[in-house]
Amino acid sequence: MPARLASVAAALAILAALLVGPALGPARARAMGPLPACRYDDILTTPRGYVDWAITLVDTILRVPKSYVPPDLVAASTAGITGGGKVRAVMIDDLRAMTEDAAAAGNGIGIESAYRSFASQESVFASWVKQFGYKQALTVSARPGHSEHQLGLAIDFRSEPGGSPFTGTWGTTPAGKWMKAHGWEYGFVMSYPKGTLAVTCYAYEPWHFRYVGRDLAALIHASGLTPRQYLWAHFTTTVVPPPPPTKAPPKAPSPSATPLPTASIVPSPSPSLVPTIQPTPTLAPTFAPPPATPAPTPVATAEPNVSQPAAAVAAATGVAMLLGVVGVGAWLARRRGSRGGVVGPG
């Protein structure tokens, strides 16, 4: 198709989409609430019948079952494009026209990857997990059941001839630029445009296009929305419950949470806790020596004199009584015990 005619056709398609939009494509439905924020869930999408191919939404939340296999898969080579793989027969005519026009413009395209079964997507996702780890893999690859490739409608394009498109620069190649500018004219929309991670939930993939048919592609292109936003707002009828509340992590204890010692919690001595070795006034006389008596008149004898002088006895008596009053009779008892007196508490 000459470039001028292609531009006129594109303009007419946009105008038709804007003016007659509701009458084009499948019947619309009101969105079931706002577009869910990115998260990872496993909710069956609706609609998801084979005849609903253009409006079936799969993303990080919504999925199709493992048994979903399009019944009309055909070899992509039927459209005259290189690279192999299978696609749904419904896109063959538009894929052929796009392939021919891209080549005529000097921006040849080929297929890097097309339809993938549930099992194939399991292997693909596992390889990304092995390469990048699970968390990062979630942003660059879909879990099985959540991939547009399982719908038989998504194609990862590459330059023809050329190598793998899986680099951040493929969007700047002649083929990448041509697809971005003209893919929608043939029914192909870029699923994960640059700078839309927050709404598509996937990193930028300039090579990944999904076929939705020319009419719906014109509507999506004119809206300025991503396919996920548009399909959710106009066709998806799945009720997506809010995510379960996340349990807040326990707060680290702060210094102020540690009780400080106060007078009210410091144990103070009480009479019941005083050691029993402290004598009471009633016991003091027990440990006091008997009153001094006049010493007998000394009698000369050959035995040595072992009696204590009267002054020493009187002084000892006074000290003992004083110590008994202040509560240390036990000490005196031990002293006297060492001299053969009464044995006090041990």
Side-chain angles (χ1 to χ4, degrees), residues 14 17-68 70 118 121 125 134-154 184 187-205 208-249:
I14 293 178
L18 293 174
L19 296 179
V20 199
L24 295 176
R28 299 187 182 196
R30 178 174 295 179
M32 308 302 287
L35 180 72
C38 295
R39 74 174 198 257
Y40 301 96
D41 214 324
D42 286 292
I43 300 174
L44 283 174
T45 189
T46 51
R48 60 178 181 273
Y50 295 124
V51 296
D52 300 314
W53 57 267
I55 59 176
T56 297
L57 174 62
V58 289
D59 57 14
T60 60
I61 297 173
L62 303 177
R63 66 176 177 88
V64 290
K66 184 177 182 179
S67 59
Y68 187 103
F118 185 95
Q121 190 64 30
F125 183 72
Y134 185 78
K135 185 175 181 180
Q136 186 175 350
L138 289 172
T139 66
V140 298
S141 180
R143 293 172 295 150
H146 296 264
S147 175
E148 291 182 331
H149 286 278
Q150 189 176 344
L151 302 178
L153 302 169
W184 67 271
F188 291 84
V189 289
M190 187 186 296
S191 297
Y192 315 120
K194 191 173 185 178
T196 61
L197 174 63
V199 292
T200 66
C201 311
Y202 290 107
Y204 171 46
E205 293 189 4
H208 182 110
F209 286 79
R210 171 184 170 163
Y211 182 75
V212 293
R214 296 196 183 207
D215 292 340
L216 185 54
L219 290 171
I220 295 175
H221 178 78
S223 73
L225 301 175
T226 64
R228 179 181 186 244
Q229 291 172 298
Y230 195 91
L231 294 182
W232 172 266
H234 295 95
F235 303 110
T236 304
T237 57
T238 307
V239 177
V240 176
T246 303
K247 184 177 180 181

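One is the number of the first residue; the rest follow in order along the sequence. Keep in mind the model is a prediction, meaning the values are calculated, not measured.
For the pair Ile220/Leu225, no side-chain contact is recorded, criterion being any heavy-atom separation below 4.5 Å from C-beta on. Residues Leu44 and Pro65 form a side-chain contact, since some pair of their non-hydrogen atoms from C-beta on lies under 4.5 Å apart. Contact annotation: the side chain of Val58 approaches that of Val64 to within less than 4.5 Å [non-hydrogen atoms, C-beta and beyond]. The shortest distance between side-chain heavy atoms of Ile43 and Pro241 falls below 4.5 Å. A heavy-atom distance below 4.5 Å is found between the side chains of Leu219 and Tyr230.
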**Message:** Using side-chain contact (heavy atoms from CB on, under 4.5 Å), reason through Leu151 and Trp53 one step at a time and then give a plain yes or no.
**Reply:** CA-CA 7 Å; Leu151 302 178; Trp53 57 267; over 6 Å; no
**Asked** Step by step, would you call Phe125 with Tyr134 a ring-ring contact (aromatic ring centres under 6.0 Å, His included)?
**Response** CA-CA 9 Å; Phe125 183 72; Tyr134 185 78; 5.8 Å; yes
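Pairing each heavy atom of Ala217 with each of Val212, the nearest pair is N-CG2, 3.6 Å. Nearest heavy atoms, Thr200 versus Pro193: CG2-CD, 4.3 Å. Heavy atoms only, all atoms of each residue included: Tyr202 and Asp59 are closest at OH-C, 4.3 Å. Residues Thr236 and Pro47 come closest through the heavy atom pair CA-CD, 4.3 Å. Residue Thr139 comes nearest to Gln136 through the heavy atom pair OG1-O, 2.8 Å, listed as atom of the first residue, atom of the second, then distance. Contact detail for Arg48 and Tyr68: the closest heavy-atom pair is O-CE1, 3.3 Å.
The side chain to side chain donor-acceptor pair (under 3.5 Å) search around Asp42 returns Arg143, His146, not counting sequence neighbours. Partners of Arg210 by salt bridge (charged side-chain N to carboxylate O under 4.0 Å, His left out), not counting sequence neighbours, listed by chain and number: Glu148.
Gln121 places a side-chain N or O within donor-acceptor distance of the main-chain N or O of Ala142, the cut-off being under 3.5 Å. Checked by atom type and distance alone, the side chain of Arg228 never pairs as donor or acceptor with a backbone atom of Ser191 at under 3.5 Å. Proximity of a side-chain donor or acceptor of Trp232 to a complementary backbone N or O of Gly33 within less than 3.5 Å is detected.
Looking only at atom types and distance, the side chain of Gln150 has no donor-acceptor partner in the side chain of Ser147 under 3.5 Å away. Residues Thr237 and Thr46 bring a donor and an acceptor atom of their side chains to less than 3.5 Å of each other.
The aromatic ring centroids of Tyr192 and Phe209 lie 6.0 Å or more from each other.
Applying side-chain contact (heavy atoms from CB on, under 4.5 Å) to Leu231 and the options Thr56, Leu62, Leu216 leaves one that passes, Leu216.
In this structure, Tyr40 OH and Lys135 NZ are separated by 9.5 Å, a value rounded to the nearest 0.5 Å. Note: Ile61 CD1 to Cys201 SG = 6.5 Å, rounded to the nearest 0.5 Å. Trp184 CH2 to Arg214 CZ: the interatomic distance, rounded to the nearest 0.5 Å, is 10.0 Å. Note that the OG atom of Ser141 and the CD atom of Glu205 stand 8.0 Å from one another [nearest 0.5 Å].
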